[in-house]
Every structure is written in structure tokens, then in C-alpha cells.
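Whatever order the structure lists them in is the order used to number ligands and atoms, beginning at 1. Worth saying up front: this structure is predicted, and the values here are computed from it rather than measured.
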Amino acid sequence: MTESATFKHQDTELQFPVVHASNGNDGYDISQLLSKTGNVTLDPGFVNTASCESTITFIDGNEGILRYRGYPIEQLAEQATFLEVSFLLIYGHLPSQDELSTFEGKVSNRMMLDERMRELYRCFPRGAHPMQVLASGVMALGSFNRDTLDVHDPDQVEAASLRLIGSMPTLAAYAYKSSVGEPFLYPQKHLSYVENYLRLSFGTPQEEYEIDPAVVKAFETLFILHADHEQNCSTATVRMVGSADASIYASMSAGVNALSGPLHGGANQAVLEMLVKLREEGVDMKTYVSQVKDKKSGVKLMGFGHRVYKNYDPRAKIIKGHADELLRASGKSNALLDMALELEETALNDEYFIERKLYPNVDFYTGLIYEAMGFPAKYFTALFALGRLPGWIAQWREEHADPSRKISRPRQVYVGETERNYVPIAER
Ligand code: CMC
């Protein structure tokens with residue numbers, strides 16, 4: 001017999017079948033609610049609502065567990081490459097050596113942009129935010145690849161997925177180059193995905209760019225840590241836009257825009273700006289934590305708290321472990337890292353944070369690493385987007401492969417004026 005939960009309101013009694021999870025929260029299937037009761041559920045921010053069944057990423061927020069397709073994030077971050085993880089997310093299994101080499105080759109063939117895309121990038125004003133430029137670039141990529149726009153043709157979806165993954169490092173690097181006014185380089189076939197990305201970002205036409213293997217490894221790890229995170233705001237946006245049969249490029253561009261918000265991916269920029277401001281103004285950590293606790297101050301401790309994690313974010317744990325060694329390798333001063341460590345300790349020992357189970361999230365330490373590599377804070381979120389792209393693509397494809405797929409269209413509980421008559425303007 002199917003397990004179900006009983007819902008009772010006035011004279012109506014309904015059975016909600018329980019949808020069993022292989023890990024984590026089971027769900028109540030409430031699809032009959034509106035037709036049987038005439039009422040809807042109200043759940044602002046979707047705190048209690050699962051929008052889909054998914055096989056891609058599992059998070060246990062209480063235990064601080066994150067797995068892609070069942071594989072623990074710690075093992076992937078330590079042993080896999082970013083393209084291997086991208087393959088895993090999109091196709092559902094770890095690639096064989098042959099599969100990986102073929103995938104890498106296809107991605108590499110798609111790194112170079114149409115020459116007119118470079119012209120497009122030149123039109124953005126100096127100082128434009130790289131996330132604005134990146135979202136526009138991702139959208140424009142669709143118009144340069146019009147034979148990959150049919151969302152019902154699996155070959156075109158595959159071609160678009162490869163085009164997006166291949167072009168994203170170039171799009172992101174050019175967003176950076178355009179904001180600092182430096183010339184664009186072309187990708188090179190003999191370099192790996194991450195090597196290409198670093199050279200496109202930091203190289204100049206004047207001299208050979210020297211690739212530091214420690215930096216390459218760091219970025220492989222950082223991109224893997226960002227590669228998917230189940231139904232977060234940008235991924236839910238990607239699925240929402242995709243549900244209307246909008247193109248995969250339109251859906252990914254929407255994901256970039258959602259990610260740009262400081263409560264989401266934009267937090268990595270906000271954390272660094274917060275630390276720099278505290279240093280400049282000489283604010284000590286205890287004073288800042290007191291400000292944060294005062295709701296009237298409107299100040300938040302950026303890089304802290306998470307909708308799902310009520311424990312240390314496993315990604316932050318891995319990054320924190322690498323931050324010290326990477327900052328040392330970069331020869332940069334560790335002053336900001338020391339501040340971050342002190343801020344974390346102060347917060348973690350404070351009753352406000354303990355009670356609310358607020359821990360550092362992925363964005364707390366990443367900015368320090370990006371800064372040490374030479375990126376300006378405004379660029380950090382574009383790095384998050386580059387890492388998150390395979391997750392968005394995997395989620396978009398999963399949604400499109402679901403036979404029970406419907407356009408995403410939430411309901412509302414209307415609390416506005418009831419019917420009233422129009423008053424001509426002269427009589428108001
Ligand atoms: N600083 C101070 N108080 C906080 C913070 C914070 N960073 N985060 C949550 N709280 C408080 C919040 O005010 C609330 O207090 P009360 O119960 O007294 O009203 C309580 O903790 C629960 O927070 P919430 O706002 O209901 O939690 P949420 O799940 O709606 O929001 C969040 C999650 C990530 C938006 C929020 O924690 C936040 O704004 N953090 C700072 C921004 C940030 O670091 N974002 C990156 C998230 S991780 C990466 C990603 O998703 O891209």
C-alpha cells in the first residue's frame with residue numbers, strides 16, 4: 001500500500017501520497033490539493049517546497065554533506081578534474097578515459113568565439129560589471145549558434161551544452177578583460193580548460209603567460225566545489241525559464257543574472273568588500289558582530305548562513321583548508337585571511353549565530369583566493385558562474401527529459417483590493 005499523509009480541513013479529507021527520497025527529506029505529493037479543495041499552499045521563499053524530483057545533487061544540511069551523483073564532494077575536489085565532474089553531472093556517470101578525452105576535445109573545439117562576439121564585448125563601457133557583460137555574452141552566444149536552439153532536438157541540446165561549456169571560460173575572461181580595458185587573447189588547443197581560462201584572463205599579447213600548476217589545481221578545485229548545488233536560486237531560475245521552452249542560452253543567461261545577487265553568488269564579492277571596509281575603518285570583529293546582530297543596522301555578515309546548511313558548509317571547509325597555502329604561494333599578505341579567521345571565530349562563539357545555526361558558506365573564503373590571484377572583487381561572481389554552468393546544464397537537461405514536465409507557474413494568495421469601479425481622472 002502507498003504510504004500517505006492525511007490532510008483535513010473542515011469537511012474535506014485528502015490523502016497525500018508520500019514520495020520517498022533515496023536520501024534526505026521525503027515529499028508529500030500535493031498535486032490534487034487545488035482541484036479537490038479549491039485552495040493552494042503558501043510557502044514564501046519555497047522554504048518547504050520541492051519543485052522537482054532530481055538525481056543530480058544531494059545535500060544534507062544538518063550533517064554538512066554534499067554529493068554529486070552520489071560521489072562525496074571531498075573525493076571529487078581532491079581527485080577529479082573540473083571537466084570530469086562536468087561530464088559526471090551532465091551524463092550521470094564518471095567518464096572512462098576515452099569518454100573524457102572525447103569530451104575534452106569537443107569542449108576545446110568550442111572555446112573560440114565568433115569574431116563578432118569579440119566586437120560585442122568591446123562595446124561595453126569600461127568598468128561595466130562583469131556579471132552584466134557575462135549574462136549578455138551567454139545570451140548572445142545563442143544568436144551566433146542558431147542551429148542549436150531547438151530545445152526538442154536532443155542533438156541540438158547536446159551541441160548547445162558543449163558550446164556553452166566550451167565558450168564559458170572565454171566569455172568570462174573577456175568580461176574581465178573588457179572591464180579592465182586589456183586586449184583579448186585567443187584560446188590555445190594545447191592548453192587544458194583551466195589553463196586556457198587563466199591565460200585568457202591574465203595573459204597579454206606581449207609575452208608568454210607562465211602557467212603555475214598550483215594555481216591550475218586551485219581553480220580545478222574551486223570550479224568543482226561550485227559545479228552544482230541542487231535547487232538554489234539560480235538553478236531554480238534556470239529550470240523556471242527552461243520550463244517555458246526558452247532556449248538553453250536564455251535559461252543559462254537567466255541563471256547568471258540570478259547568481260549575481262549578493263544573497264547568492266554575489267556574496268563572494270560582498271565578503272571581500274566587507275573585509276576591506278572593516279580594515280579601512282579599523283572596526284574590530286566584536287564590534288562588527290554586534291552590528292550584525294542588531295537587525296536595525298541592516299548589516300549582514302556576508303558569507304555566513306545558508307538556507308540548507310545548518311552546519312559548516314563542506315565547500316567552505318575545503319576552501320578554508322586551501323586558502324592559507326594558496327595565499328602563501330601567491331606571496332600575498334595574509335592580513336585579510338587573518339581577519340576572516342578572527343571574524344569567523346567571533347561569530348561561531350556568539351549565541352546569535354549558535355542559536356540560528358549560522359556557519360561560513362562557500363563564499364566566505366573564495367574571495368580571498370581570487371584576490372590573491374589578482375582578480376578585482378567585481379569579477380569574483382563570474383568565476384562562480386563558470387563553475388556552476390555544468391550544474392545548470394545538467395539540471396536543465398534533467399527537467400527537459402522528465403515526461404511529467406510542466407511549465408513552472410506558481411499560484412498566489414491574492415490579498416489586494418476586491419472589485420471596485422474605475423473613477424475618471426477628473427473625479428479623483
Ligand atoms: N548575518 C546575520 N544574520 C543572519 C545571516 C547573516 N549572514 N544569515 C541569516 N541570518 C539570520 C536572519 O536574520 C534570521 O534571523 P531571525 O531568525 O532572527 O529572523 C535567521 O538568521 C535565519 O535566516 P534567514 O534569512 O531566514 O535564512 P534564509 O535561508 O532565508 O537566507 C541566506 C539564507 C544565505 C540568504 C542568508 O543567510 C544571508 O543573507 N547570508 C548572507 C549572504 C550570503 O552569504 N549568501 C551566500 C549564500 S551561499 C552561496 C550561494 O547560495 O550562492
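- We find that Asp313 and Arg315 are joined by a salt bridge, their nearest charged nitrogen and carboxylate oxygen being less than 4.0 Å apart.
- Looking only at side-chain heavy atoms (C-beta outward), His20 and Glu3 come within less than 4.5 Å of each other.
- Ordered by chain and residue number, the residues placing a heavy atom less than 4.0 Å from ligand 1 are Pro262, Leu263, His264, Gly265, Ala267, Val292, Lys295, Lys300, Leu301, Met302, Gly303, Phe304, Gly305, His306, Arg307, Tyr352, Arg356, Leu358, Asn361, Val362, Asp363, Phe384.
- Residues passing the ring pair (Phe, Tyr, Trp, His ring centres under 6.0 Å) test with Tyr309, sequence neighbours excluded: His229, His306.
- The ring of Phe375 has its center no closer than 6.0 angstrom to the ring center of Phe380.
- Using a cutoff of 4.0 Å between basic side-chain nitrogens and carboxylate oxygens, Lys277 and Glu273 are not scored as salt-bridged.
- Ion pairing of Asp60 with Lys310 is absent here, as no side-chain N (NZ or NE/NH1/NH2) approaches a carboxylate O to less than 4.0 Å.
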